[in-house]
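A, B, ... follow the sequence lines: proteins, then strands. Residue 1 opens every chain. Note that these values count all heavy atoms, side chains included, but never hydrogens, waters or copies made by symmetry. Only a predicted model underlies this, so the values are computations on that prediction, with no experimental measurement involved.
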There are 2 protein chains.
Amino acid sequence: MKQASERQAERIKQRRERQEQNLFSRLPAAYAASRLQAQRLLQRAGGLSVLEWRVLWDLCEAGPMTIRDLAEIQRTDHSQLSRALPAMQRKQFVTMTRDSSDGRQIVVEITDTGRRAYETTAPTMKLRRDALRAEFSPEEIATFISLLDRLEDFLRRPIDTFLEREPPE
Amino acid sequence: MKQASERQAERIKQRRERQEQNLFSRLPAAYAASRLQAQRLLQRAGGLSVLEWRVLWDLCEAGPMTIRDLAEIQRTDHSQLSRALPAMQRKQFVTMTRDSSDGRQIVVEITDTGRRAYETTAPTMKLRRDALRAEFSPEEIATFISLLDRLEDFLRRPIDTFLEREPPE
DNA sequence: AGAAAACATATGACTTGTCACGCATTTCCA
DNA sequence: TGGAAATGCGTGACAAGTCATATGTTTTCT
């Protein structure tokens, strides 16, 4: 019986090592760790959520813009912003005004309160980016980014492209 | 007025290009794309959820194991499995039995039904891994994995390590 | 000018992921 | 051996992400 359970432990270990080499299974964990670290830093730096931080950062760096612009910069779904922004407006971090020349769009602008929240938080987040740069050389970052580019390209391809053994006639 | 809005468009473009180089902002998008592709493939291949697929795959490859083992292999929180497994049991994909020698543990084992679901789905998921291998050389994959290793190591470090300018006395 | 298509946003429903806490069991050690 | 610590699991609460669909605007095309 001992032997059987040892064999089992060995199989589990091998499986773990194998999955360590599987990109698809590494990505969620890496992302989760990144998000968690950001959440903790933000919590400590003043209590912004990840979404709030992203919005304030973009608005501070690039000025007022529409929800669509924000979503595009952040590579995320606009619905996430649609939902988060009203709360940020209530907190007086941003204003939302319908664009007078295009009535579909909402222009989001940072307020003084929002800017102060940004300025409180930014130094902490900069420390994190600095720490990353201390860990990875510019070349390594470039390699990483270019691998991510190609991976994303692959991931966004229509799934039929690799499901079909032979092209449809 | 035209000029002002053009300057604004330029600022937004610059911001987008800058954030393209930011690892922390690329990771969520890459992960999201990966999950979405997996969801679509699984949907087409028979309707398993990502979690279900992972569980069936691990159990098929490495035999019965505890919830903790599964969580470790999948690099995820045990609560996710705690929640998903009862439904999988109801679908007859797995059995859950309390370990007789350690009453805290639950041993999860795949059933014939689960194995059939796995076998229906596996070829599709293999095509995906094959397609990835057609896109990235083994060396590139190895580089990618090793960068992820180092990134994860960085991300799991206690946040104080880079928040402190000077060590606490 | 009017119909159709494209676009920007809002919203409901769902999945994946985390934490914190509680309970039961096991292990460790004084 | 008995109590403290560690471990395994379940659960409530929440964040972040997606989709599909609805609604109102603008653009495009005839």
(request) Would you kindly give the CZ-to-P distance between Arg68(A) and dA6(C), to the nearest whole Å? (result) 15 Å

(message) Whole angstroms only, please: what is the CG-P distance between Leu27(B) and dT16(C)?
(response) 19 Å

(message) Quick one about Asp149(A) and Ser146(A) (side-chain donor to acceptor, distance below 3.5 Å, no hydrogens or angles considered), yes or no?
(response) no

(message) Categorize Ser82(A) for me: base, sugar-phosphate, or nothing, with a 4.0 angstrom heavy-atom threshold over every strand shown.
(response) base

(message) Under 4.0 Å between a side-chain nitrogen and a carboxylate oxygen: does that hold for Asp153(B) and Arg157(B)?
(response) yes

(request) Ignoring backbone atoms, test whether Arg98(A) places a side-chain nitrogen or oxygen under 4.0 Å from the OP1 or OP2 oxygen of dT9(C). (result) no

(request) Return no unless some side-chain N or O of Arg54(A) is found under 4.0 Å from OP1 or OP2 of dG17(D). (result) yes

(message) Of the listed nucleotides (dT16(C), dA10(C), dG8(D)), which one gets closest to any side-chain atom of Gln105(B)?
(response) dG8(D)

(request) Tell me which nucleotide among dG10(D), dG8(D), dA10(C) gets nearest to the side chain of Ile106(B). (result) dG10(D)

(message) Using whole Å, what does the distance between atom C1' of nucleotide dT18(D) and atom CG of Leu155(A) come to?
(response) 15 Å

(message) Tell me whether the side-chain N/O atoms of Gln80(B) come closer than 4.0 Å to OP1 or OP2 in dT16(C).
(response) no

(request) Between Arg35(A) and Leu81(B), name the one whose nearest nucleotide on DNA chain D is closer to the 5' end. (result) Leu81(B)

(request) Starting from the 5' end of DNA chain C, give me the residue, Ala29(A) or Asp69(A), whose nearest nucleotide shows up first. (result) Asp69(A)

(request) Could you tell me whether the side chain of Arg104(A) has a donor or acceptor atom within less than 3.5 Å of a complementary atom in the base of dC7(C)? (result) yes

(request) Look at the side chain of Asp77(A) and decide which nucleotide, out of dT16(C), dT18(D), dA10(C), has an atom nearest to it. (result) dT18(D)

(request) Identify whether any heavy atom of Leu51(A) sits under 4.0 Å from a base atom; if not, whether one sits that close to sugar-phosphate; answer base, sugar-phosphate or nothing. (result) sugar-phosphate

(request) May I have the distance from Leu36(B) (atom CG) to dG17(C) (atom P), rounded to whole angstrom? (result) 13 Å

(message) Once hydrogens and angles are ignored, does a donor-acceptor distance under 3.5 Å link the base of dG12(D) to the side chain of Arg83(B)?
(response) yes

(message) Strictly below 4.0 Å: does Tyr31(B) bring a side-chain N or O up to OP1 or OP2 of dG17(C)?
(response) yes

(request) Can you tell me the distance, in whole Å, between the CG atom of Asp102(A) and the P atom of dT9(C)? (result) 8 Å

(message) Taking any heavy-atom pair under 4.0 Å as a contact, classify Ser79(A): base, sugar-phosphate, or nothing.
(response) base

(request) Report the relative orientation of the aromatic rings in Phe144(A) and Phe144(B); use parallel for angles under 30°, tilted for 30 to 60°, perpendicular for over 60°. (result) perpendicular

(request) Would you verify whether the NZ or CZ of Arg129(B) falls within 45 degrees of the ring axis of Phe24(A) while also being under 6.0 Å from that six-membered ring's centre? (result) no

(message) What's the closest nucleotide to the side chain of Ala32(B) if the choices are dG17(D), dC19(D), dA16(D)?
(response) dG17(D)

(message) Rounding to an integer number of Å, can you tell me how far Asp99(B) CG sits from dC9(D) C1'?
(response) 13 Å

(request) State whether Asp130(B) and Arg133(B) are salt-bridged, where the test is any N-O pair (Lys NZ or Arg NE/NH1/NH2 against Asp/Glu carboxylate O) under 4.0 Å. (result) yes

(request) Round to a whole Å and report the spacing from CZ of Phe24(B) to P of dA16(D). (result) 16 Å

(message) For Glu17(B), is there an ion pair with Lys13(B) - N to carboxylate O distance below 4.0 angstrom?
(response) yes

(request) Return the value, rounded to whole Å, for the distance between atom CZ of Arg75(B) and atom P of dT18(C). (result) 12 Å

